[in-house]
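A short worksheet on the structure shown next.
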Amino acid sequence: MEKRTYWSDESGDDLLIGIPDVALLSRVDRNSETKQAIAVAEKTAMQPTRILLPIPEEITERYLEIREVKTGKVITAIEILSPKNKRTGEGREAYLRKRRRFLQTQTHLIEIDLLRSNPSFLQGQLPLSDYHILISRSHERPNADLYPFSIRDRIPDIPIPLRLGEPEPILDLQALLHQIYQRGRYDLAIDYSQAPQPPLSMEDEAWVRSLIEKS
């Protein structure tokens, strides 16, 4: 398991922390005119307006790397996209920099996008679907395999590319997701009475409601 860390705020934009302008008043002149001017200024000063500042938070995202034991060479990188990866801001830029480095090396890349919100990195090439999994084998680039699927589909089983000539084990991502859901007791944490964001189509929403009613 590896991680990348960056700073972000609620807006998702890059943070710029600067030094505010400061005015210093020298109290050299103590005559009555200066005292009167200060008193008038105190009486007529504007009252401040209370505002909320976005508080920067440290974001840590984890991803999986399959490495060769003897050399430590990264064979395959597996990324599950987060909302910060796809929204405009430092999270997206940090991920794109890492993605470009992978695609310029001999490392295989598996990119799992289970988010319906925000544009995909594959705009113009992605068939109409809710989600997708991308498998980019280093020796086949620029060609890659794409697994698109919708909210009603089972997550497809995917091969994990290793060194050239080695058999590719199959990952049952759907079964793994179910195990995590059950062990984490997410049924107690998720409020299914709330509408999903972004909204589903009327047909998909009716299908989801029928599942909830049966459960």
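Hydrogens, waters and symmetry mates play no part in the numbers below; they use all other heavy atoms, side chains included. Please read these numbers as outputs of a predicted model, since none were measured by experiment.
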Does the pair L109 and K98 meet the rule for a side-chain contact (heavy atoms from CB on, under 4.5 Å), with working shown?
CA-CA 11 Å; L109 174 64; K98 186 74 173 180; over 6 Å; no

The reported gap from CG in L177 to CD in Q182 (rounded to nearest 0.5 angstrom) is 10.0 Å

Looking only at atom types and distance, does a side-chain atom of R92 sit under 3.5 Å from a main-chain N or O of K86, one as donor and one as acceptor?
yes

Can you give me the closest heavy-atom contact between P199 and R116, atom names plus distance?
O-NH1, 3.5 Å

Working note: I133 + I155, criterion side-chain contact (heavy atoms from CB on, under 4.5 Å); need CA distance, chi angles, decisive distance, verdict.
CA-CA 9 Å; I133 299 174; I155 301 176; 4.1 Å; yes

Verify whether one side chain among H178 and Q174 offers a donor that lies under 3.5 Å from an acceptor in the other.
yes

NE2 of H139 to CD of Q106: how many Å apart, nearest 0.5 Å?
10.0 Å

Should the heavy atoms of other residues, nucleotides or ligands under 6.0 Å from CZ of R183 be counted, would the total exceed 12?
no

Mind running side-chain contact (heavy atoms from CB on, under 4.5 Å) on L81 and Y131 for me, showing each step along the way?
CA-CA 11 Å; L81 298 186; Y131 318 106; over 6 Å; no

Output for pair (I170 CD1, D157 CG), nearest 0.5 Å, gives 7.0 Å

Tell me if the CG atom of L188 is crowded by more than 12 foreign heavy atoms within 6.0 Å.
yes

In terms of hydrophobic clustering (I, L, V, M, F, W, Y; side-chain heavy atoms under 4.5 Å; direct or indirect links), are L164 and I75 co-clustered?
no

May I ask you to say whether R137 pairs ionically with D145, meaning some side-chain N is under 4.0 Å from a carboxylate O?
yes

With rounding to the nearest 0.5 Å, note down the distance linking OG in S82 to CZ in R87.
8.0 Å

Step by step, work out the salt bridge (charged side-chain N to carboxylate O under 4.0 Å, His left out) result for E111 and R99.
CA-CA 9 Å; E111 185 177 81; R99 189 179 193 260; 2.7 Å; yes

To the nearest 0.5 Å, atom CG of L114 lies from atom CZ of F149 at 5.0 Å

CZ of R154 to CG of L173: how many Å apart, nearest 0.5 Å?
9.0 Å

Test item: T76 side-chain N/O and P161 main-chain N/O as donor-acceptor pair under 3.5 Å:
yes

